[in-house]
Number of protein chains: 2
Amino acid sequence: MIPIKMTIADRVFDTLCTAIVEGEIAAGSKISEPELAKRLEVSRASLREAIGRLEACSLVTRKANIGARVVSLSKEKLLEIYHVREALEGMAARLAAENITAHEIIQLQQLLKRHTDEVNQADCASYFQRSGDLDFHYHIVQSSHNERLISLLCNDLYHLMRMYRYQFGRVSQRAFPALDEHSYVVSAIADGDGEMAELLMRNHIRRSRRNIEQMMAA
Amino acid sequence: MIPIKMTIADRVFDTLCTAIVEGEIAAGSKISEPELAKRLEVSRASLREAIGRLEACSLVTRKANIGARVVSLSKEKLLEIYHVREALEGMAARLAAENITAHEIIQLQQLLKRHTDEVNQADCASYFQRSGDLDFHYHIVQSSHNERLISLLCNDLYHLMRMYRYQFGRVSQRAFPALDEHSYVVSAIADGDGEMAELLMRNHIRRSRRNIEQMMAA
DNA sequence: TCAATTATAATTGTCGACAATACGGGCTTG
DNA sequence: CAAGCCCGTATTGTCGACAATTATAATTGA
């Protein structure tokens, strides 16, 4: 693999993306272009380019002549995302069942096994913390072979989901049942049963959402 | 309503957006920044800002150090979009059934009646041509009251769908059945039956997709 | 003649400066 | 004292120019 040529704006985007996801730049805080440009030692043009892309993946919001703010997190917005995920990833599972390649099935099963081992020997909590869960969903979405679906979930929503997971830092008690649900989805996909795969994936995500609703009701 | 303050980049975006949607700037063609900037009489900075937003709604694709191209249309990509729409608008219909307001129901029913009248007295073809169909879907999505869903469908995918409808210019023979399907969806939403609303909306969109698959198989 | 290479031209990425707009404090006025 | 206006300051939007990269044309050598 040839080292890809990266532009300055690319690097700035990556830097700010992780900084925002990990909360180093606080959610809801205003972004000062002059200050950030000075701190990162880049021109405002490059910084603005990067901010534009952050806006595209919903990590910041901009208003004309006012500026950019890091997106603020809320229970309501998180639940909205879960509704969207239920719809999109359900469809992704259906399409994956129809279009997945033999090689991808093997990779998916290996990923599932690796996750199972991790959860069994380590404590369950660290699984979700280290976004092993996202890896699984990511892989299925890729296997749908629907470029637009992949773009929506893996480019637009991916960072935002990571941000919630990172900052809300829930230690889900659902590690074991979630893994079971994962394995059912994989089975349906391996069987080429799109209808069933979609149903199982939607149920899985809906349970996650309900779990969050409960935990945040407190 | 107060006249909104628009920035130059906003106007350029609107101009280019309609130009691309309507094919005035050919699909697949390269965008020359110096030339366009001169023709629109704006600086390259404003133009690049606009191009960035065009990229965000998938009307152009950019590669580093190479430039931006207007997205190229294809049957495959269109079908991909229909899969995404089936998932997202299905969920939108479900949520609309749960969250729609009484006023929105009335508006929706009036819209449906207006469309029915148009189709009955004018010839059917013009209905879809003038994107009355998109209006209907747009309204339902709004009634879901899920901001992210609304953003995805009405900001990100909306222009692209208009572009396909405009440039592929199919004269659908499905005006009458489509209107029936619309009315069923409205009924389910008015009844507050989310499960049924989603099912009907998904079937509606799936039939549209299959119709396209047939017509483009030629 | 064709392939490879170099040189030239054009395009994109980046920068610093200027113009337009929004923010904050003090003042005026009721 | 509160509300509204005015003005200085800071921030964002816009511009033209330069640097880095890519595309194109010319040249050379086999």
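K63(A) places its NZ atom 13 Å from the P atom of dG13(D), with the value rounded to the nearest Å. As rounded to whole Å, 14 Å separates atom P of dA19(D) from atom CD1 of I8(A). Rounded to an integer number of Å, the gap from CE of M6(A) to P of dT14(C) is 11 Å.
Remark: A96(B) pairs with I140(B), S143(B), I189(B) by the side-chain contact (heavy atoms from CB on, under 4.5 Å) rule, at least two apart or across chains. Residues meeting the side-chain hydrogen bond (donor to acceptor under 3.5 Å, both in side chains) test with Q109(A), sequence neighbours left out: none. Residues satisfying the side-chain hydrogen bond (donor to acceptor under 3.5 Å, both in side chains) test with E147(B), not counting sequence neighbours, are none. In terms of the side-chain hydrogen bond (donor to acceptor under 3.5 Å, both in side chains) criterion, residue partners of E104(B) (sequence neighbours excluded) are, by chain and number, T101(B), H145(B). Taking E55(A) as the reference, nothing meets the salt bridge (charged side-chain N to carboxylate O under 4.0 Å, His left out) condition, with sequence neighbours excluded. Not counting sequence neighbours, R210(A) has no partner by the salt bridge (charged side-chain N to carboxylate O under 4.0 Å, His left out) test. Not counting sequence neighbours, the partners of S58(B) by the side-chain hydrogen bond (donor to acceptor under 3.5 Å, both in side chains) test are R148(A).
Among residue pairs with one or both ends in residues 6-32 of chain B, those qualifying as side-chain hydrogen bond (donor to acceptor under 3.5 Å, both in side chains) are D10(B)-R53(B); sequence neighbours excluded. Within the structure, salt bridge (charged side-chain N to carboxylate O under 4.0 Å, His left out) contacts touching residues 58-77 of chain B (residues at least two apart or in different chains) are E49(A)-R62(B).
Residues of residues 27-42 of chain A having a heavy atom closer than 4.0 Å to DNA chain D, listed by number: K30(A), I31(A), E33(A), P34(A). Within residues 43-56 of chain B, the residues having any heavy atom closer than 4.0 Å to DNA chain C are, in order of number, R44(B), R48(B).
Between R202(A) and E198(B), at least one side-chain N (NZ, or NE/NH1/NH2) sits under 4.0 Å from a carboxylate O, which counts as a salt bridge.
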Can you pull every protein N or O that's under 3.5 Å from an N or O on nucleotides 22-25 of chain C?
none

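Checking the phosphate oxygens (OP1, OP2) of dT14(D), a side-chain nitrogen or oxygen of T7(B) falls inside 4.0 Å.
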